[in-house]
Asker: 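Structure below; questions to follow.
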Amino acid sequence: MATLNISSLGKVYPGGVTAVSDVNMDIDDGEFIVLVGPSGCGKSTILRMIAGLETITEGELQIDDRRVNELEPGDRDIAMVFQNYALYPHMSVRGNMEYGLKNEGLPKAEIAKRIAEASRTLRLEDYLDRKPRQLSGGQRQRVAMGRAIVRDPKVFLFDEPLSNLDAKLRTQLRAELKALHQRLGATFIYVTHDQVEAMSLADRIIIMNAGRVEQIGTPMDLYLRPATRFVADFIGSPAMNMFEGTVGEDRQSLVYHGAEQVHFAAELPVSAGQSVIMGVRPEHLQHAAEGQGQMDLTVGFLEQLGADTVVHGTLNGGDSVLSIRLHGVQTSAPGTRLPLTFAMENVHLFDAQNGARLN
């Protein structure tokens with residue numbers, strides 16, 4: 001197990017292309033950290049710099065208070081699990097798991113002990129003599145994790161390990177990964193573009209955007225108090241409803257498209273006339289009694305999800321897209337107007353210019 005300290009980390013490729021800039025984070029011993037963000041945001045580059053597979057252009061990386069910028073990957077005491085499994089196809093499961101240990105010169109008895117423990121943990125005892133081609137995708141990924149576990153590294157690195165699997169198997173392996181982390185008590189650093197994976201696995205999430213850290217926090221920190229519009233829009237499914245407008249003179253309304261308004265139960269903590277973006281999550285909107293709504297949803301279409309129904313439409317019949325998540329099976333014909341209400345504590349306000357949180 002290990003702590004990591006990352007200070008002003010940066011990566012600039014030849015030609016001046018900046019992939020990562022000024023990344024700072026402290027990772028505690030035994031934490032499950034998830035780096036998440038859209039494609040090209042720099043999250044995999046950070047992981048590869050930690051692993052030693054990419055050189056560090058700027059800043060410093062320490063593992064257990066030891067600078068490792070110039071150390072070779074094999075000297076950093078880390079293990080990495082890749083998206084494509086990276087198994088030796090001509091070797092058995094046992095051969096793949098013991099290969100690195102043999103290179104380290106460990107005694108046969110110690111190798112056998114580690115493989116037995118890892119295969120038991122990952123339920124691979126019955127597959128040790130099979131080749132990777134004889135395994136399913138989920139079993140291959142378990143072998144890749146087993147190969148990392150037997151090394152007993154200080155830090156485990158995961159680069160989108162579930163992205164090649166179907167939805168049901170991803171859900172199953174997410175639960176297994178979380179349980180594995182709790183059993184091992186090791187430091188996990190995990191990269192994904194899937195915000196559901198990030199929310200369900202992480203102790204803390206690091207949201208990346210265009211090579212920079214947008215926000216670091218627990219899953220609920222990011223869900224309840226997104227620091228920027230980007231974070232608010234990225235976390236949550238369906239995505240947060242966003243409306244850009246101008247705060248009314250009474251500071252209790254948002255005026256958009258020149259005349260349409262959203263009304264609030266209390267004064268907003270911003271100036272009258274200020275341009276803002278209001279965000280409210282679909283699950284925080286409620287169906288109100290006729291005449292009691294703060295806004296109206298004009299129904300477009302419904303997504304029936306079984307336990308919930310997501311109603312998609314437009315705000316007050318205009319052009320602004322609006323979604324609401326309702327409990328249970330709901331039926332509403334296209335064109336129906338639904339009055340909606342919301343609690344003030346569930347309103348998120350962002351600066352219309354730079355996207356920074358205002359409330």
Side-chain angles (χ1 to χ4, degrees), residues 1-2 30-34 44 47-48 50-51 53 73-74 76-192 194 196-198 200-203:
M1 296 184 289
E31 265 199 296
F32 199 134
I33 295 291
V34 177
S44 289
L47 199 75
R48 291 175 64 84
I50 294 172
L53 302 177
R76 299 190 182 198
D77 199 9
I78 56 93
M80 193 162 180
V81 178
F82 296 92
Q83 176 181 354
N84 61 355
Y85 320 131
L87 301 176
Y88 297 111
H90 63 288
M91 292 184 181
S92 66
V93 169
R94 188 191 309 276
N96 270 277
M97 292 173 68
E98 69 184 9
Y99 181 76
L101 303 182
K102 284 183 175 180
N103 287 343
E104 293 177 18
L106 265 64
K108 288 184 179 180
E110 178 63 20
I111 292 175
K113 177 185 174 184
R114 292 193 186 188
I115 291 177
E117 290 175 351
S119 61
R120 184 169 57 253
T121 296
L122 296 168
R123 303 196 310 280
L124 291 170
E125 301 103 315
D126 296 335
Y127 305 98
L128 290 174
D129 296 321
R130 294 191 188 183
K131 300 290 179 60
R133 66 176 178 273
Q134 298 172 296
L135 305 176
S136 68
Q139 289 165 343
R140 291 178 195 177
Q141 198 56 278
R142 285 193 186 95
V143 176
M145 288 190 282
R147 186 176 53 188
I149 291 170
V150 296
R151 292 187 52 201
D152 192 25
K154 287 185 175 180
V155 183
F156 288 85
L157 306 178
F158 297 86
D159 191 6
E160 303 206 42
L162 308 184
S163 60
N164 286 342
L165 307 177
D166 62 57
K168 183 178 180 180
L169 195 51
R170 281 202 306 272
T171 301
Q172 178 184 334
L173 284 187
R174 276 205 310 265
E176 292 182 7
L177 264 171
K178 191 69 174 179
L180 178 64
H181 174 255
Q182 290 170 349
R183 283 198 297 271
L184 297 178
T187 304
F188 279 25
I189 304 176
Y190 188 103
V191 161
T192 182
D194 186 334
V196 175
E197 266 182 39
S200 60
L201 288 173
D203 294 326

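Hydrogens, waters and symmetry mates are skipped; everything else that's a heavy atom, side chains included, is used. These figures come from a predicted structure and were not determined experimentally.
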Asker: With a 4.5 Å limit on heavy-atom distance, are the side chains of Arg94 and Ile115 in contact?
Answerer: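 Side chain of Arg94 against side chain of Ile115, heavy atoms only: contact under 4.5 Å found.
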Asker: Using side-chain heavy atoms (C-beta onward) and a distance below 4.5 Å, is Met80 in contact with Leu47?
Answerer: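 Yes; the side chains approach each other to less than 4.5 Å.
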Asker: In the structure I gave you, are the side-chain heavy atoms of Gln139 and Arg142 within less than 4.5 Å of one another anywhere?
Answerer: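 The answer is yes; the side chains approach within 4.5 Å.
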Asker: Restricting to non-hydrogen atoms, name the atom on Gly146 and the atom on Ala118 that form the minimum distance, rounded to 0.1 Å.
Answerer: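 The answer is O-CB, 4.3 Å.
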Asker: Tell me, with the steps shown, if Leu173 and Glu176 meet side chain to side chain contact (heavy atoms under 4.5 Å, CB included).
Answerer: CA-CA 5 Å; Leu173 284 187; Glu176 292 182 7; 3.1 Å; yes
Asker: How long is the straight-line distance from NZ of Lys131 back to OG of Ser92, given to the nearest 0.5 Å?
Answerer: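 One finds 7.0 Å between OG of Ser92 and NZ of Lys131.
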Asker: Output, in order, the C-alpha distance, side-chain angles, deciding distance and verdict of side chain to side chain contact (heavy atoms under 4.5 Å, CB included) for Leu180 and Ile149.
Answerer: CA-CA 10 Å; Leu180 178 64; Ile149 291 170; 3.6 Å; yes
Asker: Measure the CD-CG distance between Gln172 and Asp166 for me, rounded to the nearest 0.5 Å.
Answerer: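 Answer rounded to 0.5 Å: 9.5 Å.
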Asker: Ignoring hydrogens, what is the shortest heavy-atom contact between Leu165 and Gly137? Give both atom names and the distance.
Answerer: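 Nearest pair, atom of Leu165 first, then Gly137: CD2-C, 3.6 Å.
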Asker: Answer yes or no: is there a side-chain heavy-atom contact under 4.5 Å between Ile111 and Lys108?
Answerer: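 Side-chain contact under 4.5 Å: no.
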Asker: Under a 4.5 Å cut-off applied to non-hydrogen side-chain atoms, are Val143 and Tyr127 in contact?
Answerer: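 No; the side chains remain at least 4.5 Å from each other.
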Asker: Answer yes or no: is there a side-chain heavy-atom contact under 4.5 Å between Met145 and Phe158?
Answerer: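 Yes; the side chains approach each other to less than 4.5 Å.
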Asker: Mind listing the closest non-hydrogen atom pair of Thr192 and Asp194 along with its distance?
Answerer: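 Heavy atoms only, the tightest pair is OG1-N, 2.9 Å.
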Asker: Starting at CG of Leu157, measure out to CD1 of Ile33 and round the result to the nearest 0.5 Å.
Answerer: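 Going from CG on Leu157 over to CD1 on Ile33, the span is 12.5 Å.
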Asker: Would the distance check show the side chain of Asp203 and the main-chain N or O of Phe32 forming a donor-acceptor pair, the cut-off being under 3.5 Å?
Answerer: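 Judged by distance alone, yes, a pair lies under 3.5 Å.
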Asker: Can you classify the ring geometry of Phe156 versus Phe188 as parallel (below 30°), tilted (30 to 60°) or perpendicular (above 60°)?
Answerer: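 Phe156 and Phe188: tilted rings.
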Asker: Between Leu106 and Arg114, is a side chain to side chain contact (heavy atoms under 4.5 Å, CB included) present by the stated rule, with each step listed?
Answerer: CA-CA 11 Å; Leu106 265 64; Arg114 292 193 186 188; 3.5 Å; yes
Asker: For the side chain of Asp159 and the backbone of Val191, is there at least one donor-acceptor N/O pair under 3.5 Å apart?
Answerer: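 No, because the side chain of Asp159 does not come within donor-acceptor range (under 3.5 Å) of the backbone of Val191.
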Asker: Using atom types as modelled and distance alone, determine if a side-chain donor or acceptor of Thr187 lies under 3.5 Å from a backbone N or O of Gly30.
Answerer: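 It does hold such a pair.
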Asker: Do Leu177 and Leu162 touch side chain to side chain, with heavy atoms closer than 4.5 Å?
Answerer: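 Yes, close enough: below the 4.5 Å cut-off.
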Asker: Are any non-hydrogen side-chain atoms of Leu87 and Arg147 less than 4.5 angstrom apart?
Answerer: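 Yes, their side chains come closer than 4.5 Å.
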Asker: Spell out, as yes or no, whether a donor-acceptor pair under 3.5 Å connects the side chain of Arg151 to the backbone of Ile78.
Answerer: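 Yes: the side chain of Arg151 pairs with the backbone of Ile78.
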Asker: Can you tell me how far apart CG (Leu122) and CE (Met97) are? Round to the nearest 0.5 Å.
Answerer: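 Going from the CG atom of Leu122 to the CE atom of Met97 covers 6.5 Å.
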Asker: At their closest point, which heavy atom of Arg140 faces which heavy atom of Pro132, and how far apart are they?
Answerer: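 It is NE-O, 2.9 Å.
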Asker: Would you find a donor on one side and an acceptor on the other, under 3.5 Å apart, between the side chain of Arg76 and the backbone of Ile50?
Answerer: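 Looks like yes, one N/O pair under 3.5 Å.
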Asker: Where do Val81 and Gln141 land on the side chain to side chain contact (heavy atoms under 4.5 Å, CB included) test, with the steps shown first?
Answerer: CA-CA 8 Å; Val81 178; Gln141 198 56 278; 3.2 Å; yes
Asker: Using every non-hydrogen atom in the two residues, find where Ala2 and Val155 come nearest and quote the distance to one decimal.
Answerer: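 So the minimum-distance heavy-atom pair works out to CB-CG2, 3.9 Å.
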